[in-house]
Amino acid sequence: MSAASGIFKQLAYKAEAIYGTAPAAAGAQALRRVQSTIDLSKDTYQSNEIRTDFQVADFRHGVRKVSGKISGELSCRTYADFFSAILKREFTAGVSAAGLGLTISGTGPTYTVARDTGSFLTDKFKVGDIVRLSVGALNAANINRNLLIVSLTATDATVMPLNGGTLVAEGPITGCTVSVPGKKTWIPQAGHTDKSFAIEHWYSDIGQSELFTGCKASKLSMALPPTGMATIDMDVIGQNMTPAAAQYFSAPTAQTTTGVLAAVNGVCRIAGQAVANLTGLSFDVNANFKGDPVVGSNIVPTQYPGRVQVSGQATAYFDNVALRDAFLNESEIDLIGAFTADNTAAAPAIAFAMPRIKLGGSTKNDGENGLVQTIPFTALLNVSGGDGTDTELTTLTVQDTEA
């Protein structure tokens with residue numbers, strides 16, 4: 001038998017109805033990856049008997065554990081199931097408002113979209129949402145393009161085109177629609193979900209399957225470098241593994257084909273201002289699962305959820321004191337990042353919004369190049385958000401235009 005090659009390895013998953021029980025084989029999803037290192041391990045125990053023959057007489061296997069990491073390049077829809085799982089809320093369709101008279105004004109990089117009736121706040125639009133304008137007799141330059149809401153009142157949405165393009169001042173134009181494309185999720189106040197997955201490694205070249213059950217996304221780590229692809233690492237913990245000589249998810253839905261996101265395509269705003277000097281952004285979402293072995297079983301029966309913690313780090317050139325002083329003054333600020341798969345007007349996009357963060361430092365390097373400050377941050381529950389306000393009552397929201 002030849003050795004298995006990673007290029008023939010296939011990765012697929014499906015949500016479980018019962019924790020640790022493999023779901024029906026139909027309806028699984030093939031998953032893109034850079035690598036998947038999920039594997040089974042066992043606790044081991046060695047005898048401590050003192051023997052006159054100077055030797056160890058026994059060695060045993062104990063509790064089974066599944067752990068590892070799925071690493072990939074961040075793209076729309078690809079990892080949506082895992083975002084919703086770790087945030088404990090299913091993605092739901094973005095809001096929309098129809099039949100509006102809209103007036104567009106401004107000269108860039110931000111513009112004002114004013115409505116003649118109703119309220120953006122009542123309709124549950126939020127700062128950090130990507131919106132698109134459609135219908136009505138709007139100028140072609142204003143229709144179906146990604147616009148990031150950077151501030152919001154009942155009647156006025158201040159927006160920034162994600163591809164750096166320009167809007168045309170006009171209005172009022174009647175019969176228009178403002179919508180949040182795709183779906184959103186966030187850490188909710190109640191009704192939290194607790195999803196687990198079965199994940200299969202299928203080694204097609206040697207005809208071997210490893211089906212890992214009871215798998216949960218314990219941590220998601222996003223990295224958005226100034227050059228290169230945006231990446232996602234998912235730490236996985238699970239309960240057990242079943243080997244077989246046949247593929248379990250034999251007909252999974254094909255992998256997504258959405259383009260990979262890059263930090264050069266999009267906008268990052270901290271403390272209400274676009275950050276042009278950012279040299280890197282990364283953040284983690286940690287679900288803090290904990291599970292313990294029990295007597296009479298060689299598997300951990302369940303993984304109990306803990307607090308969902310969001311933290312990260314930004315690096316930026318030290319060309320002004322705004323971020324340093326936000327750290328010095330323990331100011332509460334916001335962070336919004338919206339990134340696209342290309343530079344077209346309605347490119348697939350993912351937006352992350354943290355309405356309330358605090359900075360944990362502002363250290364600077366030294367050398368003959370531009371000095372860079374490193375700014376760790378922790379995201380907190382946005383206690384002032386919720387219905388009727390311009391932000392969500394949560395720590396983190398995620399919008400995926402293709403979900």
Side-chain angles (χ1 to χ4, degrees), residues 11 13 31-39 66-89 91 128 185-187 195-197 199 212 215-238 256 258 260-266 268 270 275 278-290 303 305-316 335-341 349-354 357-361 374-380 394-400 403:
L11 177 63
Y13 73 93
L31 185 63
R32 295 153 68 174
R33 78 184 198 280
V34 171
Q35 64 174 5
S36 176
T37 60
I38 301 171
D39 225 323
V66 170
S67 62
K69 189 187 296 287
I70 296 174
S71 300
E73 294 173 334
L74 188 60
S75 57
C76 290
R77 196 169 69 250
T78 304
Y79 299 96
D81 286 334
F82 300 104
F83 276 116
S84 66
I86 203 165
L87 297 184
K88 305 186 187 308
R89 182 186 182 277
F91 273 91
T185 189
W186 55 87
I187 309 166
K195 292 175 68 174
S196 63
F197 301 91
I199 300 175
F212 303 96
C215 294
K216 293 188 176 184
S218 61
K219 185 169 76 170
L220 294 182
S221 300
M222 270 61 63
L224 295 136
T227 60
M229 302 299 195
T231 63
I232 180 170
D233 287 333
M234 179 171 65
D235 290 359
V236 175
I237 56 175
T256 62
T258 47
V260 177
L261 306 187
V264 296
N265 298 118
C268 184
I270 303 177
V275 183
L278 204 67
T279 61
L281 174 66
S282 61
F283 68 93
D284 299 335
V285 185
N286 195 332
N288 290 299
F289 287 107
K290 292 181 174 64
Q303 293 288 339
R307 290 176 297 169
V308 180
Q309 296 176 302
V310 181
S311 61
Q313 176 178 285
T315 54
L335 188 155
I336 299 169
F339 306 99
T340 62
I350 295 179
F352 304 101
M354 303 173 210
I357 67 170
K358 283 190 178 183
L359 307 186
T374 299
I375 307 134
F377 62 85
T378 297
L380 303 169
T394 192
T395 301
L396 168 69
T397 68
V398 179
Q399 178 187 354
D400 186 330

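Taking both residues in full, the closest heavy atoms of Ile38 and Phe212 are given as O-CZ, 3.6 Å, listed atom of the first, atom of the second, then distance. The two residues Tyr79 and Leu31 come nearest to each other via the heavy atoms CE2-CD1, 3.9 Å. Nearest heavy-atom pair across Lys88 and Phe289 is NZ-CZ, 3.8 Å. Closest approach of Gln303 and Lys290 over heavy atoms only: OE1-C, 3.4 Å. The heavy-atom pair separating Thr78 from Tyr13 by the smallest distance is O-OH, 4.3 Å. Summarising the geometry of Ile86 relative to Val308, their closest heavy-atom pair is O-CG2, 3.7 Å, with the distance given to 0.1 Å.
Note that the OG1 atom of Thr378 and the CD1 atom of Ile357 stand 9.0 Å from one another [nearest 0.5 Å]. One distance of note links CG of Leu261 with SG of Cys76; it measures 5.0 Å at 0.5 Å rounding. Rounded to the nearest 0.5 angstrom, Arg307 CZ and Asn286 CG are separated by 10.5 Å. A distance of 5.0 Å separates OG1 of Thr185 from CZ of Arg89, quoted to the nearest 0.5 Å. Between atom CG of residue Leu224 and atom CG of residue Leu281 there is a gap of 5.5 Å, rounded to the nearest 0.5 Å. Atom CG of Leu87 is separated from atom OG1 of Thr394 by 7.5 Å, given to the nearest 0.5 angstrom.
Under the salt bridge (Lys or Arg N to Asp or Glu O under 4.0 Å) criterion, Lys195 pairs with Glu90, sequence neighbours left out. Residues passing the side chain to side chain contact (heavy atoms under 4.5 Å, CB included) test with Thr340 are Asn146, Leu162, Asn265, Ala347, Ala349, sequence neighbours excluded. Residues satisfying the side chain to side chain donor-acceptor pair (under 3.5 Å) test with Asp39, not counting sequence neighbours, are none.
Side chain of Thr37 to backbone of Lys69: a donor-acceptor contact under 3.5 angstrom is found. Remark: the backbone N or O of Gly280 is paired with a side-chain donor or acceptor of Thr315 at under 3.5 angstrom. Judged purely by atom type and a 3.5 angstrom limit, Arg32 has no side-chain atom pairing as donor or acceptor with the backbone of Glu73.
Remark: aromatic rings of Phe377 and Phe283 are distant, center separation not under 6.0 Å.
For the 3.5 Å distance criterion, the side chains of Asp284 and Ser311 fail to qualify, holding no donor opposite an acceptor.
Within the 4.5 Å cutoff, no side-chain heavy atoms of Phe352 are placed close to those of Leu335.
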| request: Please assess Phe83 against Met222 for the test side-chain contact (heavy atoms from CB on, under 4.5 Å), listing each intermediate value before the final yes or no. | output: CA-CA 11 Å; Phe83 276 116; Met222 270 61 63; 3.9 Å; yes

| task | Carefully, step by step, assess Leu220 and Met234 under the rule side-chain contact (heavy atoms from CB on, under 4.5 Å). | result | CA-CA 5 Å; Leu220 294 182; Met234 179 171 65; 3.4 Å; yes

